[in-house]
Protein chains: 2
Amino acid sequence: MIGRQMASSLERRTGVSLWRQITDQILHSIAVGEFAENAALPPEVALAERYGVNRHTVRSAIAALVQDGVLRAEQGRGTFILSRKRLSYPIGSRTRFSEGLQGQALERRSVLLVSVVEPASRRVAEGLGLAKGSNVIRLETRGEADGQPVSRATSWFDAGRFAGIDAAMAETGSVTASLERFGIGDYLRQSTVLSARHADAADLADLDLQPGAIVLVTVAVNVTPDGQPIQFAETRFPAERVELKLSAL
Amino acid sequence: MIGRQMASSLERRTGVSLWRQITDQILHSIAVGEFAENAALPPEVALAERYGVNRHTVRSAIAALVQDGVLRAEQGRGTFILSRKRLSYPIGSRTRFSEGLQGQALERRSVLLVSVVEPASRRVAEGLGLAKGSNVIRLETRGEADGQPVSRATSWFDAGRFAGIDAAMAETGSVTASLERFGIGDYLRQSTVLSARHADAADLADLDLQPGAIVLVTVAVNVTPDGQPIQFAETRFPAERVELKLSAL
DNA sequence: AAAATTTGTCTATTGATTTAGACAATTATA
DNA sequence: TATAATTGTCTAAATCAATAGACAAATTTT
């Protein structure tokens, strides 16, 4: 049991409804292994007592998780956990989307949603070592594992050097493969900054999340082996489906 | 501007109240630099239109942020951003609490909240390479920078090998210094797993957060240079005050 | 077959959130 | 000084969240 397993007290009058807080608690209990996979959840009356709320409030929480495909309720029998383990996404100096998930998912791919050419913002320009306002290509992509969205990335490339990378991405569905066409055989992750926040409306839609969901956010710069920046990217991972494993190197 | 800067539409009937969603949006806008520091926020009427809600709903959001010390409202003038920048906490194979924050905070320390001896859970036993049920020392600590809580850690040590580490922690206020007393001159971070969730009631209190706040969670194993596990730890960082910078991976 | 357990549905009531409108109080601007 | 812009306060109504109780429906246990 990680952390204090305390009286699970909920907070009222906080802008986050009780049923919503309870869905978080249940998800956490599943993740920590307190509610075993494929087993039944404690009955509604027991949960209501445990959380100190009315049975109907627990039912709202359960209904949301059923809707979300995490639980299945059967009248007369109980409510069962449909174990969807979180993917463990490796992150380190040689992070590649598809490589890392080997063995955890059967089918993985990266879908190109949007590509546009635009002037670089100050932040992007700094990351790529370009003058502010230089043209950059922005790619919006979604990563999927076994058909379920597991990441949502916005990445920028120097438009001069990588003209046509959008077409390559659409065709190959892989950043690594696309960069090879521009003579980049190897690249490294120079820096990664990590944060977390509530998913915005766009990510909710793209990642198929329920409102209020949390995303892990990485902001990274990829460079060639000799230190030349080639890609600046912000990636959002749904915290309920993904954990990031920092690989020692 | 990172990500799509879209019509900031909010989601209704989600268990997260609109004013609560708006506080998140405002915090995000500050973090991204859209609302500059020490400047005035757009007036309430403008924000209400932008988010598509009533002015009073925006006022609730602002009231929460004023309460939280992020904003200051002045009648007749406007609402101003006080916003302390987020700390950038380095994390890598040689992460030390105090070293990493050099130059970002004047005063930093680690406070021991609780220490108990208890039998190891399966998860802790696996992390430390002990038999399940072996006695371990659990330390609950809070990290502070300039008086503000920035981390909340739960860590476990083999009770046989590190008897008295609680006293050493209380005295020195440092894991590194305490381990030195047990002949551990150097240690490395073997693995780190990263996730995010809503803060539970205990962390809300210890980290001085408003309900609904998000925490970044790291689960790490520290080992001696020859690979012997010495510490298993789960640390929670308030996402609104801290970002993690992955270094030297 | 009967009893107990558990989820599903319904009605009613109370409290919190959101909208709406009006106007006061304070500060900046013309 | 007058006007405009902005935050602060109040009242009232509509909608959402939570509590309460009763009973139906399905399943398991006795």
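None of the values given here were measured: they were computed from a predicted structure. Here is how names work: the chains are called A, B, and so on, in the same order as the sequence lines, proteins then strands, and each is numbered from 1.
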Practice prompt. Show the numbers, then the answer: is there a salt bridge (Lys or Arg N to Asp or Glu O under 4.0 Å) between Glu234(B) and Arg236(B)?
Written response: CA-CA 7 Å; Glu234(B) 185 197 71; Arg236(B) 284 85 67 198; 3.2 Å; yes
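- Not a single donor-acceptor contact under 3.5 angstrom links the side-chain atoms of Arg55(A) to the base of dG21(D).
- One interatomic measurement links the two molecules: CZ of Arg20(A) to C1' of dA16(C), which rounds to 18 Å at whole-angstrom precision.
- Picking from dT18(C), dG8(D), dT27(D) the nucleotide with the shortest atom distance to the side chain of Arg77(A) gives dT27(D).
- Taking only side-chain atoms of Gln75(B), from C-beta outward, the nucleotide of dA25(C), dT19(C), dT19(D) with the closest atom is dA25(C).
- Distance Glu74(B) CD to dT7(D) C1': 10 Å, rounded to the nearest Å.
- If you take CD of Glu44(A) and C1' of dA25(D), they are 14 Å apart, rounded to a whole angstrom.
- For the pair Leu47(B) CG and dT6(D) P, the computed distance is 11 Å after rounding to whole Å.
- At least one side-chain heavy atom of Arg152(A) sits less than 4.5 Å from a side-chain heavy atom of Glu140(A).
- In this structure, Glu126(B) and Phe232(B) have side chains that are not in contact, with every pair of non-hydrogen atoms separated by 4.5 Å or more.
- In terms of position on DNA chain D, the residue among Val45(B) and His56(B) whose nearest nucleotide sits closer to the 5' end is Val45(B).
- For dG8(D), one of the phosphate oxygens OP1 or OP2 lies less than 4.0 angstrom from a side-chain nitrogen or oxygen of Arg59(B).
- Residue Thr79(B) has no polar side-chain atom (N or O) positioned under 4.0 Å from OP1 or OP2 of dT6(D).
- In this structure, the CZ atom of Phe80(A) is 11 Å from the P atom of dT27(D), given to the nearest Å.
- Residue Ser17(B) places no side-chain N or O under 4.0 Å from the OP1 or OP2 atom of dA16(C).
- Atom CD1 in Ile22(A) sits roughly 8 Å away from atom P in dT19(D) (whole-Å rounding).
- Residues Arg197(A) and Asp24(B) fail the side-chain proximity criterion, which asks for heavy atoms closer than 4.5 Å.
- Proximity of Val150(B) to Tyr89(B): side-chain heavy atoms (C-beta onward) are nowhere separated by under 4.5 Å.
- Side-chain atoms of Val53(B) lie closest to dT19(C) of the nucleotides dT6(C), dT19(C), dT6(D).
- Rounded to an integer number of Å, the gap from CH2 of Trp19(A) to P of dG15(C) is 22 Å.
- Atom CD of Glu49(A) and atom C1' of dT5(C) are 16 Å apart (whole Å).
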